[in-house]
Amino acid sequence: MPTALITGITGQDGLYLAELLLAKGYDVHGVIRGQNNPKRELVESLLPDVRLHHGDLTDTSSLLRALRDSAPDEVYNLGAVSFVAYSWENAQLTTDVTAKGVLNMLEAVRLHTGDDPTHIRFYQASSSEMFGKVQETPQHERTLLWPRSPYGVSKVFGHYMTINYRESYGMHASSGILFNHESPRRGPEFVTRKISRAVARIKLGMQDELVMGNLDAERDWGYAGDYVEAMWLMLQQEVADDYVIATGETHSIRDFLDLAFAHVGIADWTPYVRQDPRFMRPAEVDTLVGDASKAREVLGWKPSVTFPELVALMVEADLAAAREGWK
Ligand code: GDP
């Protein structure tokens, strides 16, 4: 039975990945940060078979301990300060965790494995935010990176450090350049979940307004459950490499609003939505759309959930959660 260690196990992707690996018969371990982390309960109730280890990406010795105690075959580095808007307010913290944390984890794996760092297969969660001010469309693995936020810059550092450890030490280290991927488990600060939650609450009369930022930004949105499958596939390859994971379709925030409100029978959402500079960003990533043909050809990966299906499943989940809250 293979063993996996996941950082960021309390996040959307960590939970989906842990479920996937448990279903495949893995022994799954997670790194959990902080004293009395409120998300521990969530992981323990959803995934009682996962073993949790205290650790922090800014503390290499804690990572070494987690590696020693879990003895993994595969390490998935999903931990990060991941909200782009927040990264301007906390640029140094974002850099410590999202950038330097990758180096700390790579170093910990290298030291832990001693003479042969190929013993452990390593996955780095890179991001389409690295493309930022896009230099070509669609974006692929060789597109010039031009990040537009401290978060994006940090992800670029982690991406190149992963490649560097692969080239310097022969580590089986792969970087997945994942475009936005969403689900009912997405944090409510991200735009898709913010919309699905508000639409459900507006429909049920629990909220009357949705305050938004830039409605013209466009994203390539997929379903998180599909994307964790791609992470696993990358580590099953004989040779480590980098892959773009995306749907290849782009939609605006307005498109998301159209479908989400239409799903609850509201054709005109303009009376409910107000724009506020509070939610505008110092620099914006306008349009992202990925070319995942390499992943399709080499990994045999393709997304299974369409954009309208994704919007519908998120709104449905938030309707159910809001009704549950009434009980
Ligand atoms: P990101 O792609 O990782 O930054 O994911 P987000 O879901 O946070 O943002 C996606 C896009 O939605 C960005 O271009 C935001 O500027 C835009 N957006 C517009 N209004 C909002 C809002 O109220 N909240 C968030 N989070 N994003 C918004």
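Read the numbers this way: they start at 1 and go in the same order the structure lists the ligands and their atoms.
Applying the ring-ring contact (aromatic ring centres under 6.0 Å, His included) test between W221 and each of F256, F190, Y227 identifies F256 as the sole match.
At least one donor-acceptor pair under 3.5 Å links the side chain of E141 to the backbone N or O of V244.
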I'd like a table of the close N/O pairs between ligand 1 and the protein (anything under 3.5 Å), one pair per line with both atom names and the distance.
residue  : atom   : partner : partner atom : Å
ligand 1 : 2 (O)  : E129    : OE2          : 2.9
ligand 1 : 2 (O)  : N180    : ND2          : 2.9
ligand 1 : 2 (O)  : R219    : NE           : 2.8
ligand 1 : 2 (O)  : R219    : NH2          : 3.4
ligand 1 : 4 (O)  : R281    : NH1          : 2.6
ligand 1 : 7 (O)  : V191    : N            : 2.8
ligand 1 : 8 (O)  : R281    : NH2          : 2.9
ligand 1 : 14 (O) : R219    : NH2          : 3.0
ligand 1 : 14 (O) : E284    : OE1          : 2.9
ligand 1 : 14 (O) : E284    : OE2          : 3.1
ligand 1 : 16 (O) : E284    : OE2          : 2.6
ligand 1 : 20 (N) : G213    : N            : 2.8
ligand 1 : 23 (O) : K194    : NZ           : 2.6
ligand 1 : 26 (N) : E189    : O            : 2.8
ligand 1 : 26 (N) : R281    : NH2          : 3.4

- Item | Verdict with supporting geometry, D318 and R193, salt bridge (Lys or Arg N to Asp or Glu O under 4.0 Å) | CA-CA 9 Å; D318 277 318; R193 184 76 201 292; 2.9 Å; yes
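Under the 4.0 Å criterion applied to side-chain N and carboxylate O atoms, D241 and K294 are assigned as salt-bridge partners. Note on R121 versus D73: no salt bridge recorded, every NZ/NE/NH1/NH2 to OD/OE distance being 4.0 Å or above.
Residues N214 and I253 fail the side-chain proximity criterion, which asks for heavy atoms closer than 4.5 Å.
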